[in-house]
Undergrad: 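If you scroll down you'll find the structure; I have some questions about it.
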Amino acid sequence: MASFQEILYKVKLQKIVGDTSVQLLSVETDSRKVKPGTCFIAVKGTVTDSHQYIGTAIENGAIAIVCEDIPKILNEDVHYAVVSDSAEAAAIMAHNFYGRITEKIALIGVTGTNGKTTVATLLFKLFTALGNKCGLISTVQNVIGEEILPSTHTTPDPVSLNALISKMYSLGCTHIFMEVSSHAIHQHRIDGLQFKGGIFTNITHDHLDYHKTFDEYIRVKKSFFDALPSSAFAISNADDKRGSIMLQNTKARKYMYSLKTLADFRAKIIEDSLLGLELMIDDVEVHFRLIGTFNAYNILAVYAAAMCMGEEKAKVLQILSNTTGAEGRFEYIVSPNEKVVGIVDYAHTPDALLNVLATIKNLRKGEQNIITVVGCGGDRDKTKRPEMAEVACEYSDKIIFTSDNPRSEDPQEIIKEMEKGVPIVARKKCLSITDRKEAIKTAVSLSKKEDIILVAGKGHEKYQETKGVKKHFDDKEVLAEMFHLMEK
Ligand SMILES: CC(=O)N[C@H]1[C@@H](OP(=O)(O)OP(=O)(O)OC[C@H]2O[C@@H](n3ccc(=O)[nH]c3=O)[C@H](O)[C@@H]2O)O[C@H](CO)[C@@H](O)[C@@H]1O[C@H](C)C(=O)N[C@@H](C)C(=O)N[C@H](CCC(=O)O)C(=O)O
Ligand SMILES: Nc1ncnc2c1ncn2[C@@H]1O[C@H](COP(=O)(O)OP(=O)(O)OP(=O)(O)O)[C@@H](O)[C@H]1O
Ligand SMILES: N[C@H](CCC[C@H](N)C(=O)O)C(=O)O
Ligand SMILES: [Mg+2]
């Protein structure tokens with residue numbers, strides 16, 4: 001419980017109608033969740049403008065309303081605050097309502113196109129092993145110490161996010177590691193939070209359906225670092241073309257990491273094999289269980305953050321060397337007779353697919369074929385469809401295009417858009433099979449001794465979403481089933 005006035009702290013107000021001393025029992029941005037005593041914040045979303053639900057919210061018991069446009073007829077028993085940006089106000093108010101927890105703990109945000117889940121998960125595992133109770137907010141799952149909670153978004157809406165952070169604090173967490181998606185930055189989901197550190201992984205094409213241009217996507221990512229306070233640290237990837245731009249205007253302490261150039265934190269790859277990575281980090285040679293050059297970047301970003309947080313180098317490297325990555329990222333399944341290797345990976349952008357396939361190609365010995373099963377999500381960035389198909393063709397010996405959460409779109413149309421990226425010479429090695437299970441089955445049936453099958457795009461996901469319905473689907477499960485069925 002908090003007063004209207006208390007939760008309006010730091011909100012840019014235009015006008016108040018009513019009494020701000022009124023006590024509120026909750027804050028909500030969804031009229032359907034409003035209960036008696038709630039403050040309802042009306043937001044202009046991408047689909048609907050919830051100013052139209054103010055009446056419903058009041059019927060459901062809202063006693064305070066925050067809005068950009070004040071209703072023509074006011075309810076005498078309700079108190080109103082008019083703000084210029086209610087999405088921003090919602091996040092600041094949720095932070096206030098839940099006790100401004102991020103001022104009391106170490107909150108670290110990870111942003112970038114690829115690698116967020118991996119870096120945040122490694123940080124969570126590292127700091128837990130260092131003896132802290134930690135929270136993790138990620139695409140795969142949210143975790144409080146040992147308790148696992150399901151995740152619906154990479155970065156939740158501000159009310160759920162602050163409620164979760166508050167729960168983590170009340171259960172004893174001292175550190176929280178969270179992914180910060182570009183949607184979340186743009187929609188102000190993280191406004192009001194006080195970060196102790198921010199980490200940038202990389203930026204390549206994705207989400208252009210939402211941000212429209214690559215420049216706008218870069219601008220949005222950069223605004224996360226622009227908003228960090230001077231007490232925070234900001235860590236960026238010097239090998240990414242936009243790595244230094246990201247930190248250009250931040251007030252935070254700046255650090256860069258690199259595998260290629262001079263930087264505050266440097267690593268060199270000594271060996272990169274299916275057994276893991278051998279890295280020289282700060283003059284120490286260490287073996288890690290994660291695979292692929294892209295993971296050398298993720299490990300280095302985690303190491304840099306740990307150093308910025310004052311941890312002991314030897315201890316950090318010792319723990320990291322024995323740590324595994326996040327679920328559904330470069331996960332191995334070996335067929336029962338050990339003839340074929342299956343890899344399930346969450347690569348759902350052209351860059352991620354390129355990195356994963358380049359890693360596999362690098363690591364294969366001799367004559368093995370690489371068979372790739374891949375699709376692209378519906379109602380998401382369409383520009384990545386032909387690009388992902390082109391990458392798949394460049395690095396694979398056989399490619400099966402299939403469905404990956406078609407959502408409201410026609411799966412065959414998505415595949416047709418992918419096929420536009422197939423070079424003429426590669427056509428004969430491509431197949432299109434809409435049903436993902438059939439596609440995986442076909443990949444297994446086409447495989448020969450020692451071949452490598454990559455099933456890309458869904459990683460940890462446990463569903464396939466078609467026309468608004470989510471049906472259980474698990475790439476790892478299906479791949480294992482097919483291996484058994486075909487006795488490969
Ligand atoms: C495009 C997008 O990002 N949409 C997100 C956005 O919804 P929106 O603003 O469009 O909401 P809206 O449907 O227009 O509704 C506006 C407001 O009306 C309210 N409402 C609506 C109906 C009603 O009866 N009453 C009511 O009050 C809603 O609660 C909302 O506050 O804000 C909602 C609450 O925060 C999110 O749940 C929703 O995520 C949708 C479901 C989604 O799929 N988002 C994806 C694209 C996303 O956010 N992905 C990123 C990861 C991307 C990455 O991989 O990097 C993520 O962070 O998960
Ligand atoms: N540093 C990296 N650079 C490029 N590709 C990477 C990197 N780390 C992981 N990947 C690839 O991207 C995929 C997604 O990785 P991860 O889940 O860690 O990223 P993410 O940024 O959290 O993705 P999302 O935006 O969907 O939450 C991995 O399965 C792998 O294929
Ligand atoms: N966080 C990503 C996930 C994409 C994963 C892929 N399986 C899909 O459904 O498109 C997004 O919202 O774009
Ligand atoms: Mg993620």
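Every number for a ligand or one of its atoms is a count from 1 in the order of the listing.
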Undergrad: Regarding S181, does it place an N, O or S atom less than 2.8 Å from the Mg ion (ligand 4)?
TA: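 No, outside the cut-off.
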Undergrad: Numbering the atoms of ligand 1 from 1, which are under 4.0 Å from a heavy atom of S31?
TA: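 Counting atoms of ligand 1 from 1, those under 4.0 Å from S31 are 23 (C), 24 (O), 25 (N), 26 (C), 27 (O).
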Undergrad: Check if T113 has a non-hydrogen atom at a distance under 4.0 Å from any atom of ligand 2.
TA: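 Distance cut 4.0 Å: T113 passes for ligand 2.
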Undergrad: E179 heavy atoms, cut-off 4.0 Å: which ligand 2 atoms fall inside?
TA: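 With E179 as reference, the close atoms of ligand 2 come out as 22 (O), 27 (O).
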Undergrad: Out of curiosity, is R189 lining ligand 1, as in a heavy atom under 4.0 Å away?
TA: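 It does, in that a heavy atom of R189 comes within the 4.0 Å cut-off of ligand 1.
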Undergrad: Report the atom name of the nearest N/O/S atom of E179 relative to the Mg ion (ligand 4).
TA: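 Checking each N, O and S atom of E179, the shortest distance to the Mg ion (ligand 4) belongs to OE1.
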Undergrad: Is the distance between the ring centroids of H79 and F4 under 6.0 Å?
TA: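 They do not qualify: ring centres at least 6.0 Å apart.
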Undergrad: Which is closest to atom 26 (O) of ligand 2 in terms of heavy atoms, H153, H348, H183?
TA: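 Comparing heavy atoms across H153, H348, H183, the nearest one to atom 26 (O) of ligand 2 lies in H348.
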Undergrad: Under 2.8 Å from the Mg ion (ligand 4), is there any N, O or S atom belonging to S138?
TA: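 S138 does not place any N, O or S atom closer than 2.8 Å to the Mg ion (ligand 4).
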Undergrad: Residue-level breakdown please: for D351 versus ligand 2, do any non-hydrogen atoms fall below 4.0 Å on the side chain, on the backbone, on both, or on neither?
TA: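 Side chain only.
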Undergrad: Counting only heavy atoms on the protein side, is anything nearer than 4.0 Å to atom 41 (C) of ligand 1?
TA: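 Under 4.0 Å from atom 41 (C) of ligand 1, at least one protein heavy atom found.
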Undergrad: Using a 4.0 Å cutoff against the non-hydrogen atoms of D30, which atoms of ligand 1 qualify?
TA: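 Answer, ordered by atom number: 25 (N), 26 (C), 27 (O), 29 (O).
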Undergrad: Answer with yes or no whether K116 contacts ligand 1, where contact means a heavy atom under 4.0 Å from a ligand atom.
TA: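 K116: in contact with ligand 1 (<4.0 Å).
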Undergrad: Non-hydrogen atoms of K44 versus ligand 1: any pair closer than 4.0 Å?
TA: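 For ligand 1, residue contact (heavy atoms, under 4.0 Å) with K44 is absent.
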Undergrad: Output the list of atoms in ligand 1 that are nearer than 4.0 Å to some heavy atom of S50, sorted by atom number.
TA: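 This gives 17 (C), 18 (O), 19 (C), 27 (O) as the contact atoms.
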Undergrad: I'd like the name of whichever of T56, D157, V43 reaches closest to atom 34 (C) of ligand 1 through any heavy atom.
TA: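 Result: the heavy atom closest to atom 34 (C) of ligand 1 is in D157.
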Undergrad: What do we get for T118 next to ligand 2 when only non-hydrogen atoms under 4.0 Å count, side chain, backbone, both or neither?
TA: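 Under 4.0 Å from ligand 2, T118 contributes backbone and side-chain atoms.
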Undergrad: Can N355 be said to touch ligand 2, with heavy atoms closer than 4.0 Å?
TA: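 Contact present.
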Undergrad: For T154 and ligand 1, does the shortest N/O to N/O distance drop below 3.5 Å?
TA: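 It does: an N or O of T154 is found under 3.5 Å from an N or O of ligand 1.
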Undergrad: Which atoms of ligand 1 have any heavy atom of H207 under 4.0 Å away?
TA: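 The list of qualifying atoms is 52 (C), 53 (C), 54 (O), 55 (O).
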Undergrad: What residue and atom, counting heavy atoms only, is the protein's closest point to atom 6 (C) of ligand 2, and at what distance?
TA: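 It is N114 CB, 3.5 Å.
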